[in-house]
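Here is how names work: the chains are called A, B, and so on, in the same order as the sequence lines, proteins then strands, and each is numbered from 1.
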Amino acid sequence: MYRTVTCGELRLADAGKSVTLAGWVQRIRKMGGMTFIDLRDRYGITQLSFNQETDAALCDAANKLGREFVLQVKGVVVERYSKNAALPTGEIEIEVKELNVLNPAVTPPFTIEDETDGGDDLRMKYRYLDLRRTCVRKNLELRHKMAFEVRRYLDEQGFLEVETPVLVNSTPEGARDFVVPSRMNPGQFYALPQSPQILKQLLMVSGFDRYFQIVKCFRDEDLRADRQPEFTQIDCEMSFVEQEDILNMFEGMSRHLFKVIKGIDLPKLPRMTWADAMKYYGSDKPDTRFDMRFVELMDIFHAAPGFTVFDSANYIGGICAKGCATYTRKQLDALTEFVKKPQIGAKGMVYARVEADGSVKSSVDKFYSQEVLQQLKAAMNAEAGDLILILSGEDIMKTRKQLCELRLEMGRQLGLRDPQKYSCLWVIDFPMYEWSDEEQRLMAMHHPFTSPKPEDIPLLDTDPASVRANAYDMVINGVEVGGGSIRIHDAKLQEKVFEILGFTPEQAQTKFGFLMNAFKYGAPPHGGLAYGLDRFVSLFAGLDSIRDCIAFPKNNQGRDVMLGAPGLLDPVQLDELQLKVDLKG
RNA sequence: GGUGCUGUAGUUCAGUUGGUUAGAAUAUCGGCCUGUCACGCCGGAGGUCGCGAGUUCGAGUCUCGUCGGCACCGCCA
């Protein structure tokens, strides 16, 4: 045995014991006649002490060690002369009797400390060293614990974890697929699953009733801080359920996770329709940690025309920033610049301050009477000291999204987006379809297997764009952590939905024939949802990016800079696959 | 496909209007130090200023191109 104890477990009560420890050298402090070494492993840090008077040769050997050397030491646990309250093991140290260097180490390119001196790029290249840092390791420990608790909860609820294949076929709609060439079937390709969607529905047809899987999914799209090309879903499906059953089941799972992992008692989750989310927050994933809801101001400003920008607008909406009337001209100009950034795209911003005497002073004073401005104040529920920010525009949804960005920015500036505070809700009643300018047709907003709300089914014939779906998202702090729907289990209805999406019966048969065929053999009513595990963990860890809760993540360009993936293929491999590379440009 | 920020010592960064030998901190190496725990003190070494071209008497600094990184828009059912 290399060790009898870990570096995190010894306490004062262990004084006198002979122990063997193994770990990495965190830091060496040479005092002349004495040398102290902090020995680190996964479990903590234990101080080793060497004394010139006790054992000069051993002390000399200790002085020759370097950072990240791998050591085994045998010694006695002793009480310290001067204790360190900052360490759990700070009351003891190991008086070393025997020192074995299991492996020397070259100096790492950055310091293995919580406050490291390494940048993102470098730490990614040496990810195996980055993972030695406690703060990074904690994220993976949290991830393990969450995945474990998910399994515990779902197992207790009678769910079966079933594995589904990774080599599947390409599906239309949705994201771009990652593809894998088939050597045995030249010219043909597998696709990696964007999610096990169809397979889990087939498991329902098979009668599995309650399925889940913690599973990798793959989407070949451009990346963001919260998007990786391969990511992990907690994928779930249930039979003989209605939307209400699923919301309750998984609200329960979230409550379990919050309780066990964070010690938080999650209240009953509010539910907001998609239409309200857009109306009051300009987003289908509103950050409800703070209020600052949109107030629509069309009635007020159109009743007293004057400002041509407002007069011609199809949408005028405002938010009230409490206590921000003190904002300087410079700060307001900066906010205007913010909303005018190309990524946000507003033309301008109107502001109004509520003065101490209750009067309203705005950037559009010359167009509106104080009476109109007082109506504005009343509508915004604004008080003395508040700042009202208003955006207007031709396109209602676009302007709402711009106002959403402004709201989030104000929330950030006012410190209302505390990562330690959690606000969860369900967003329900999503539209079935959204119009795609690019394809000039309706696209499924969730996916093509989502069931319409029964009362909206007649609208499929008359006004498909207004049909609402039995689809729902769980949103935490403005992050979509999960989403799902009740599925169509009727082959006829499914055919109709495919038709609206623009598939010919032949295309539908080719792409989804096996699913519709399966439904003919008795499909139970079913539905489910999937959580993004990476996002869920990063929320619990208070991270800005999901990368730090993934052991070996990829960068912006989808590269693994440690492995050097993706890379070129050996010509022999290409030949076996009967592939020729023909790069454009 | 697009926008913005960014690239200087192993690392994190500073570097003025274009002007002498490019600095700091930290890491590293050497010396001193018997209770440190971000130990302290003294000293040393360490640079193709991402790469390429241009402007200029002179470029880390200005211009153009290019490559990498980060954030975002498009995209991501």
Pairwise N/O distances under 3.5 Å, protein to nucleotides 2-8 of chain B:
unit_1	atom_1	unit_2	atom_2	d
B:U3	O2	A:Q343	NE2	2.9

Using nucleotides 65-69 of chain B, report all nitrogen or oxygen pairs with the protein that are shorter than 3.5 Å.
unit_1	atom_1	unit_2	atom_2	d
B:G69	OP1	A:N555	ND2	2.7

Touch class at under 4.0 angstrom, heavy-atom based, for A:S82 against every strand present: base

Please tabulate, one pair per line, all N/O donor-acceptor pairs under 3.5 Å involving side-chain atoms of residues 332-343 of chain A, not counting sequence neighbours.
unit_1	atom_1	unit_2	atom_2	d
A:D333	OD1	A:R329	NE	3.1
A:T336	OG1	A:L332	O	2.9

Touch class at under 4.0 angstrom, heavy-atom based, for A:P448 against every strand present: base

Sugar-phosphate only, base, or nothing, as touched by A:S195 at under 4.0 Å among non-hydrogen atoms: base

Protein-nucleotide distance (A:L223, atom CG; B:C70, atom P), rounded to Å: 10 Å

Sugar-phosphate only, base, or nothing, as touched by A:K125 at under 4.0 Å among non-hydrogen atoms: nothing

For atom CG of A:L122 and atom P of B:U11, their distance in whole Å: 6 Å

Those residues that, when tested against A:K285, pass salt bridge (charged side-chain N to carboxylate O under 4.0 Å, His left out) (two or more places apart): none

A:R412 bridged to A:E409 by N-O distance under 4.0 Å: yes

base_contact_polar (B:C75 base, A:R227 side chain, donor-acceptor, <3.5 Å): yes

Nearest-Å distance for atom pair CZ/P, residues A:F110 and B:C13: 14 Å

Atom-pair distance (NZ on A:K341; P on B:A71), nearest Å: 14 Å

Polar side chain donor-acceptor pair, A:R27 to A:Q47, under 3.5 angstrom: no

Expected rows: protein N/O vs nucleotides 30-34 of chain B N/O, under 3.5 Å:
unit_1	atom_1	unit_2	atom_2	d
B:C33	N3	A:K30	O	3.2
B:C33	N3	A:G32	N	3.3
B:U34	OP2	A:G33	N	3.1
B:U34	N3	A:N51	OD1	3.2
B:U34	O4	A:E53	OE2	2.8

Sugar-phosphate only, base, or nothing, as touched by A:E93 at under 4.0 Å among non-hydrogen atoms: base

Side chain A:R80 and base B:C37 donor-acceptor under 3.5 Å: yes

Separation of atom CG in A:L129 from atom P in B:G10, rounded to whole Å: 18 Å

Basic-acidic side-chain contact under 4.0 Å: A:K398, A:E394: no

Length of the CD-P vector between A:Q402 and B:C73, whole Å: 13 Å

Distance in angstrom units between A:I37 CD1 and B:U36 C1', rounded: 13 Å

Touch class at under 4.0 angstrom, heavy-atom based, for A:R67 against every strand present: sugar-phosphate

Min side-chain heavy-atom separation A:K216-A:F231 under 4.5 Å: no

Listed partners of A:T6 passing side-chain hydrogen bond (donor to acceptor under 3.5 Å, both in side chains), at least two apart: A:E9

Test of ring centre spacing under 6.0 Å for A:F449 and A:F512: yes

